Participant: 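Sending over a structure as structure tokens; questions will come in a sec.
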There are 2 protein chains.
Amino acid sequence: MIKLIALVKKKRSMTVGEFRDYWINVHAPLARKIPGMRGYRINVAGAPGDMTPAPYDGTAEIWFDDRAAMEAGLSSPENDVAGGDVVNFTDDLVFLVCEDEAVIIDQCAAEIAA
Amino acid sequence: MIKLIALVKKKRSMTVGEFRDYWINVHAPLARKIPGMRGYRINVAGAPGDMTPAPYDGTAEIWFDDRAAMEAGLSSPENDVAGGDVVNFTDDLVFLVCEDEAVIIDQCAAEIAA
């Protein structure tokens with residue numbers, strides 16, 4: 001498994017709500033057509049509380065079977081379409097490519113209650 | 001569910017391997033003691049390929065039941081210990097707090113094969 005993490009800064013002219021709605025309802029349906037994509041999760045940031053806020057408004061986690069599948073997906077015409085749409089809701093987009101994941105804890109509330 | 005995403009820049013004096021090993025083997029065992037933590041996943045970045053690389057070397061995804069549970073966890077003595085260890089392997093650490101997650105696709109290879 002390989003995981004592409006996009007760090008996304010919203011378009012300055014959009015509210016957080018507009019950014020969220022465009023991403024989920026317009027961009028995601030284009031992006032999910034990229035061949036070989038095994039997972040696609042969007043995280044939209046809210047108030048950071050007491051923590052040092054990141055200079056991004058959200059992340060996308062996109063995974064593929066391996067680096068070859070990722071590179072094939074990102075070379076596809078479907079990726080060109082999704083890539084062309086990015087300027088419509090973001091001012092900046094950078095990527096981490098992670099082949100090394102460590103799951104330290106993974107519990108859902110239901111498992112804990114059981 | 002609330003998800004805390006930490007964007008982490010490694011200490012300049014460490015190699016990626018040293019950074020990874022410290023994070024997973026020394027820091028994670030301290031951080032996992034934070035009360036109320038439901039999940040903790042570490043993603044260490046590798047070569048970005050043709051993409052614009054993020055100015056971070058990895059991310060941590062940490063989740064809690066809700067914002068109150070997160071704030072209680074982050075006010076705990078266990079968090080003080082883990083927080084004090086952060087300078088030993090990072091040069092920068094910023095956070096996104098995400099209460100709004102959209103799962104667009106979530107397939108594992110086994111499901112697709114079945």
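Bear in mind that the values here come from a model prediction, so they are computed numbers and not experimental data. Within every chain, numbering begins at 1; the chains are lettered A, B, ... in the order of the sequence lines, protein sequences first and strands thereafter.
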Participant: Any idea which of B:A28, B:G58, B:P53 has the most non-hydrogen atom pairs under 4.5 angstrom with chain A?
Facilitator: B:P53

Participant: Examine whether an atom of A:E99 lies under 4.5 Å from a heavy atom of chain B, and if so say whether it belongs to the side chain, the backbone or both; otherwise answer neither.
Facilitator: backbone

Participant: Please rank A:V94, A:L96, A:I105 by heavy-atom pairs under 4.5 Å with chain B and give me the top one.
Facilitator: A:I105

Participant: Considering non-hydrogen atoms only, spot the tightest contact between B:F19 and B:F89 and give its length.
Facilitator: CD1-O, 3.4 Å

Participant: Can you tell me which portion of B:M1 sits under 4.5 Å from chain A's heavy atoms? Options are side chain, backbone, both or neither.
Facilitator: neither

Participant: For A:N25, look at atom CG and say whether over 12 heavy atoms of other residues, nucleotides or ligands are found less than 6.0 Å away.
Facilitator: yes

Participant: Counting only non-hydrogen atoms closer than 4.5 Å, does A:D57 touch chain B with its backbone (N, CA, C, O), its side chain (CB onward), both, or neither?
Facilitator: backbone

Participant: Identify the two heavy atoms, one from A:K33 and one from A:E78, that lie closest to each other, and give their separation to 0.1 Å.
Facilitator: O-CG, 3.5 Å

Participant: Name the member of B:V103, B:L93, B:I5, B:D100 that forms the most heavy-atom pairs with chain A at distances under 4.5 Å.
Facilitator: B:D100

Participant: Could you have a look at B:E71, B:M51, B:M70 and say which one has the most heavy-atom pairs with chain A under 4.5 angstrom?
Facilitator: B:M51

Participant: Could you pull out the closest heavy-atom pair between B:N79 and B:G73, with the gap in Å?
Facilitator: CB-O, 3.4 Å

Participant: Measure A:L74 against the heavy atoms of chain B and call it side chain, backbone, both or neither at under 4.5 Å.
Facilitator: side chain

Participant: Heavy atoms only: give me the nearest B:A60-B:W23 pair and the separation to one decimal.
Facilitator: CB-CZ2, 3.7 Å

Participant: Side chain, backbone, both or neither: which part of A:A47 has an atom under 4.5 Å from a heavy atom of chain B?
Facilitator: both

Participant: Which heavy atom of A:W63 sits nearest to which heavy atom of A:K3, and what is that distance?
Facilitator: CB-CA, 4.1 Å

Participant: Sort out for me which of A:V97, A:I2, A:D50 touches chain B most, counting heavy-atom pairs under 4.5 Å.
Facilitator: A:V97

Participant: Who wins among A:V44, A:L4, A:I24 for the most heavy-atom pairs under 4.5 Å with chain B?
Facilitator: A:V44

Participant: What is the ring orientation for B:Y56 with A:Y56, classed by angle as parallel under 30°, tilted 30 to 60°, or perpendicular over 60°?
Facilitator: perpendicular

Participant: State, to 0.1 Å, how close A:N88 and A:M14 come at their nearest heavy-atom pair, and which atoms those are.
Facilitator: O-CE, 3.5 Å

Participant: Counting heavy-atom pairs under 4.5 Å to chain A, which of B:N43, B:L7, B:D92 comes out on top?
Facilitator: B:N43

